[in-house]
Amino acid sequence: PAGALCVGRCAMKYTQQRGITLPELLIALSVGGLLLLGLSQLLVTSHRGQGVQDNATELNERGMALLDYLARQLRSAGTLGCPKIQMTLVDGTGLNPPWDAVHTLRAYDNTLGNLPAPFASTQTLAGTDAIYIQKADANVTALVSDIAAGSSSLPLTSRPSYDKAERWVISDCTGAEVFMTANSNSSVMRSTTALSRAFATGARLAQHVPLLYSVRRQNGVTTLYENTQPIADYIYDLQIQFSIGGAYVEADELSDFTQVRGVKISLLLGSEQDHLTQQPYQDPAFRASDRRLYRRVETTVFLRGFADE
């Protein structure tokens, strides 16, 4: 009969259209979850890898820029615009350390509380070095006429901006003298003391510039400082060695700085972002307590006036 035939066909139709069972659903969900977990881990790894690469590039660029800046400052140490740094330099102003060939460039090896007088209270980071440079400012003026020994008035070709009680140096590349200004902003600069020797027209005058580079910790961030001004954050180490006769020596092993032909600078930089590496960074001079990315960059600077010897 037609009804019986429909019942048979309908039963077959319903059987063919049945849904999935609970075990099948659980298996599908498990497989899908595993696929999503793997995809998420792949995305996290890819993102972390890109972060590491970006931070590594930034560290290298920042490190090279800092080394270049420090190299320029070192090459200008004590030159006074002259080809040699060993000229006779007289200081009657009580500089400590004095400004002469021995003290133009100094380094302080892993030392706290043993810095030059202008920076004696500076608290450097333990285990790091500091380097001290004395130089003449790049902005110079010159004598417009000769002056005799014993003079304290210096007629200038221009009227520089300066204040009373500043240290200046006058040099003719055979000798130089440091003096303290007794007036300000005048075309005739006056010294608080009489100069010990004569200087001819054209002798150069520039302000004395002391520079101390050190690593300090301020507000939880380790920073490279120039005197009292921060110049780069996340600097964790500064190491200085001196080249003498083809060998490198530490700062505390050197007594005569006139022997120095080159300076090796080593900086350790860290990324601002943490949790970039699997293990903390470690080298012979430093062990990290976090998982920032670190890079140590180095260069050797040959001092002006020595490279041609």
Nearest non-hydrogen partners of L224 and L66, listed with the distance: CD2-CD2, 4.3 Å

Donor + acceptor pair across side chains of K264, T300 (<3.5 Å): no

Over 12 non-hydrogen atoms of neighbours within 6.0 angstrom of CD in E272: no

Under 3.5 Å: donor-acceptor pair, side chain of Q239, backbone of L267: no

Nearest heavy atoms of Q278 and R291, plus distance in Å: O-CD, 3.6 Å

Same apolar cluster: V169 and F199, side chain cutoff 4.5 Å: no

V263 with L67, same ILVMFWY side-chain cluster at under 4.5 Å: yes

For I265, the option from D129, V297, L70 that meets side chain to side chain contact (heavy atoms under 4.5 Å, CB included): L70

Shared hydrophobic cluster, L59 / Y294 (ILVMFWY, side-chain heavy atoms < 4.5 Å): no

Shortest non-hydrogen separation from W168 to P160 and the atoms involved: CH2-CB, 4.2 Å

Heavy-atom pair with the smallest gap, counting every atom of A136 and V209: C-CG2, 4.4 Å

Side-chain (Q73) to main-chain (Y213) donor-acceptor, under 3.5 angstrom: no

Gap between atom CZ of R62 and atom OG of S271 - 0.5 Å precision: 8.5 Å

Between R190 and S153: side-chain donor-acceptor atoms closer than 3.5 Å: yes

Partner of I170 by side chain to side chain contact (heavy atoms under 4.5 Å, CB included), out of L143, T141, V178: L143

Parallel, tilted or perpendicular, as decided by the 30° and 60° cut-offs, for the rings of Y236 and F286: tilted

Straight-line distance of T299 OG1 to D68 CG, nearest 0.5 Å: 9.0 Å

Verdict with supporting geometry, M189 and L205, side-chain contact (heavy atoms from CB on, under 4.5 Å): CA-CA 10 Å; M189 185 179 287; L205 291 94; 4.2 Å; yes

Pairwise distance CG(L156) to CG(L154) - rounded to 0.5 angstrom: 6.5 Å

Exercise: do Y69 and E226 side chains pair donor with acceptor under 3.5 Å: yes

N55 and Q53: side chain donor to acceptor below 3.5 Å: no

Polar side-chain atom of R204 near backbone of D172 as donor-acceptor pair, under 3.5 Å: no

R261 vs I244, side-chain contact (heavy atoms from CB on, under 4.5 Å): CA-CA, chis, key distance, verdict: CA-CA 6 Å; R261 298 300 182 263; I244 300 178; over 6 Å; no

A107 to I240 - nearest heavy-atom pair and separation: CB-CG2, 4.0 Å

Inter-residue atom distance R197.CZ - S151.OG, 0.5 Å rounding: 13.0 Å

Rounded distance (nearest 0.5 Å) linking atom NZ of K135 with atom CZ of R75: 12.5 Å

Distance, nearest 0.5 Å, that separates CD of Q134 from CZ of R167: 9.0 Å

Any side-chain donor near an acceptor of the partner, S184 and D163, under 3.5 Å: no

Hydrophobic cluster (4.5 angstrom, side-chain heavy atoms) - remaining members for Y248: none

Main-chain N/O of T57 paired to D54 side chain as donor or acceptor, under 3.5 Å: no

Charged tip of R216 within 45° of Y225 ring normal and under 6.0 Å: yes

Non-hydrogen side-chain atoms of Q282 and P280 separated by less than 4.5 Å: no

Pairwise side-chain contact, I235 with L268, heavy-atom cut-off 4.5 Å (strictly under): no

Side-chain hydrophobic cluster, 4.5 Å single linkage: members besides L34: none

Those residues that, when tested against T193, pass side-chain contact (heavy atoms from CB on, under 4.5 Å) (two or more places apart): S191

Connected via hydrophobic side-chain network under 4.5 Å: L125 and I231: yes

Cluster check M180, V140: I/L/V/M/F/W/Y, side chain < 4.5 angstrom: no

Side-chain heavy-atom pair R217, T222 within 4.5 angstrom cut-off: yes

Any donor-acceptor N/O pair, D137 side chain to N139 backbone, under 3.5 Å: yes

Test item: T124 side-chain N/O and S214 main-chain N/O as donor-acceptor pair under 3.5 Å: no

Check against side-chain contact (heavy atoms from CB on, under 4.5 Å), V215 and D237: CA-CA 7 Å; V215 178; D237 192 25; over 6 Å; no

pair Q207-E166: side-chain heavy atoms closer than 4.5 Å: yes

Test item: D283 and R296 side chains (from C-beta on) under 4.5 Å apart, heavy atoms: yes

Minimum-distance pair of heavy atoms, taken over all atoms of V188 and Y162: O-OH, 4.0 Å

Evaluation steps, side-chain contact (heavy atoms from CB on, under 4.5 Å), between L105 and I131: CA-CA 8 Å; L105 177 65; I131 189 162; 3.7 Å; yes

Polar side-chain atom of N227 near backbone of L212 as donor-acceptor pair, under 3.5 Å: yes

